[in-house]
Amino acid sequence: KLTGKMLDCYATTGRTGKGLFYFYKIVQKPVVLDDEEEEDHDADMVATMPRHKDKPVHVRMKRNAPPKVYKIPSNVRNLQALQQQQSHQQQQQQEEEEEEQQQQQIDDASSLHIQAAFSFAESLTHGACGHAPMELTLGHWNALIRVCCHRGAFEKAAELIDEILPQKHGLEPNTTSYNILLAGLARVGDTALMKEYLIKMTYKAVPLDRTTIACLI
């Protein structure tokens, strides 16, 4: 019982403004009557009116403004949920912007300069210059990788090394192929992707040379 009373002390004292709110307030407005108006009013009615300092007053209940958001737990929860939702939306928007940037990089790969290089390379396979049709060698593809890197289309260059050469043309990129990409990444300071492709070279047993080390340095 004693401990219960002690806890009750915390419940009955120290109440702060956060735990209390008055929805209404009492407003007293003095009734000012001229002699003629006082005669018109019913004497019994005036006598029964509330009085302040021995003068009749009108008493009204005036509604206060709604409580602040932080005083209502459900509003606080809704606000927190809204903030989390906004944070999620911002994160989602940021991810969408990053995807757009990546897409922009891919679009850059379709620039006229790169299109012209790939079109010319394809024309060689058809003998468009009056020669016999020829199959593109790894040297030709390395030249196209260099074109992509010089134009900043690193995603396209990486696609050539990772997918197009080994899967569509049966060619394995060599040290020169990787060095071209590493050199391009080094010029823009993309050390993370450089490490990734260095690991790929090691995993695929592609030998490193002086150019590879120079790119890493």
Side-chain angles (χ1 to χ4, degrees), residues 78-217:
N78 293 336
L79 181 60
Q80 292 175 347
L82 179 61
Q83 291 174 345
Q84 292 177 355
Q85 182 180 3
Q86 291 176 346
S87 177
H88 177 70
Q89 290 177 350
Q90 291 176 354
Q91 182 179 0
Q92 185 177 5
Q93 183 178 1
Q94 184 178 0
E95 292 176 355
E96 291 177 355
E97 291 176 354
E98 291 177 356
E99 291 179 359
E100 289 179 0
Q101 291 177 357
Q102 293 177 357
Q103 185 62 40
Q104 184 62 38
Q105 291 179 354
I106 296 175
D107 293 341
D108 291 341
S110 302
S111 65
L112 293 177
H113 189 88
I114 296 176
Q115 284 183 2
F118 277 83
S119 296
F120 177 73
E122 185 179 1
S123 70
L124 296 177
T125 62
H126 299 290
C129 298
H131 56 78
M134 56 183 298
E135 186 176 353
L136 297 181
T137 65
L138 187 57
H140 295 119
W141 287 107
N142 285 343
L144 292 175
I145 294 173
R146 184 177 287 106
V147 171
C148 294
C149 290
H150 285 180
R151 303 298 293 183
F154 299 107
E155 293 291 340
K156 182 65 175 179
E159 182 184 6
L160 289 172
I161 293 175
D162 295 336
E163 300 177 10
I164 295 179
L165 289 181
Q167 297 178 12
K168 295 184 178 181
H169 298 280
L171 297 174
E172 288 297 330
N174 58 8
T175 303
T176 303
S177 307
Y178 284 97
N179 284 348
I180 295 171
L181 179 58
L182 290 174
L185 295 174
R187 283 193 293 269
V188 296
D190 193 347
T191 57
L193 199 55
M194 290 179 66
K195 292 179 181 178
E196 179 180 332
Y197 275 91
L198 181 63
I199 294 174
K200 288 184 179 181
M201 291 180 69
T202 306
Y203 178 75
K204 294 182 178 181
V206 178
L208 309 183
D209 60 9
R210 296 177 60 181
T211 304
T212 309
I213 303 303
C215 293
L216 297 176
I217 296 175

* Does D162 reach the side chain of Y197, with side-chain heavy atoms less than 4.5 Å apart? -> yes
* Cation-pi, F118 ring and K156 (6.0 angstrom, 45 degrees) -> yes
* In Å, rounded to the nearest 0.5 Å, how long is the span from CD of E172 to CD1 of I161? -> 11.5 Å
* Can you tell me how far the OG1 atom of T176 sits from the CG atom of D209, to the nearest 0.5 Å? -> 7.0 Å
* Asked: Do Q94 and Q90 have side-chain heavy atoms sitting under 4.5 Å apart?
  -> no
* Taking the side chain as every heavy atom from C-beta outward, state whether M134 and T125 have any pair of such atoms under 4.5 Å apart. => no
* Asked: Is the number of heavy atoms from other residues, nucleotides or ligands under 6.0 Å of E122 CD greater than 12?
  -> no
* Does the side chain of S123 pick up a donor-acceptor pair with the side chain of H126 at under 3.5 Å? -> no
* Structure fact -> Between A186 and C215, the two heavy atoms sitting closest are CB-O, 3.8 Å
* CD1 on I145 to CG on L165, rounded to 0.5 Å -> 5.5 Å
* Mind checking whether F154 and C148 have side chains closer than 4.5 Å, heavy atoms only? -> no
* Asked: Do K200 and Y203 meet the cation-pi criteria used here (NZ or CZ under 6.0 Å from the six-membered ring centre, within 45° of the axis)?
  -> no
* To do: Report yes if the side chains of V206 and P173 come closer than 4.5 Å at any heavy-atom pair, otherwise no.
  => no
* Asked: What's the spacing between E98 CD and E96 CD if we round to 0.5 Å?
  -> 11.0 Å
* Check against side chain to side chain contact (heavy atoms under 4.5 Å, CB included), R151 and R146 -> CA-CA 9 Å; R151 303 298 293 183; R146 184 177 287 106; over 6 Å; no
* **Side-chain touch L171/I164, heavy atoms, less than 4.5 angstrom** => no
* Structure fact -> Distance col, row K168:NZ vs L160:CG, nearest 0.5 angstrom, shows 9.5 Å
* Should T212 and M201 count as side-chain neighbours, where that means a heavy-atom distance under 4.5 Å? -> yes
* L138 CG to S177 OG distance, which is reported to the nearest 0.5 Å -> 4.5 Å
* Would you indicate whether the side-chain heavy atoms of T175 and P207 approach each other to under 4.5 Å? => yes
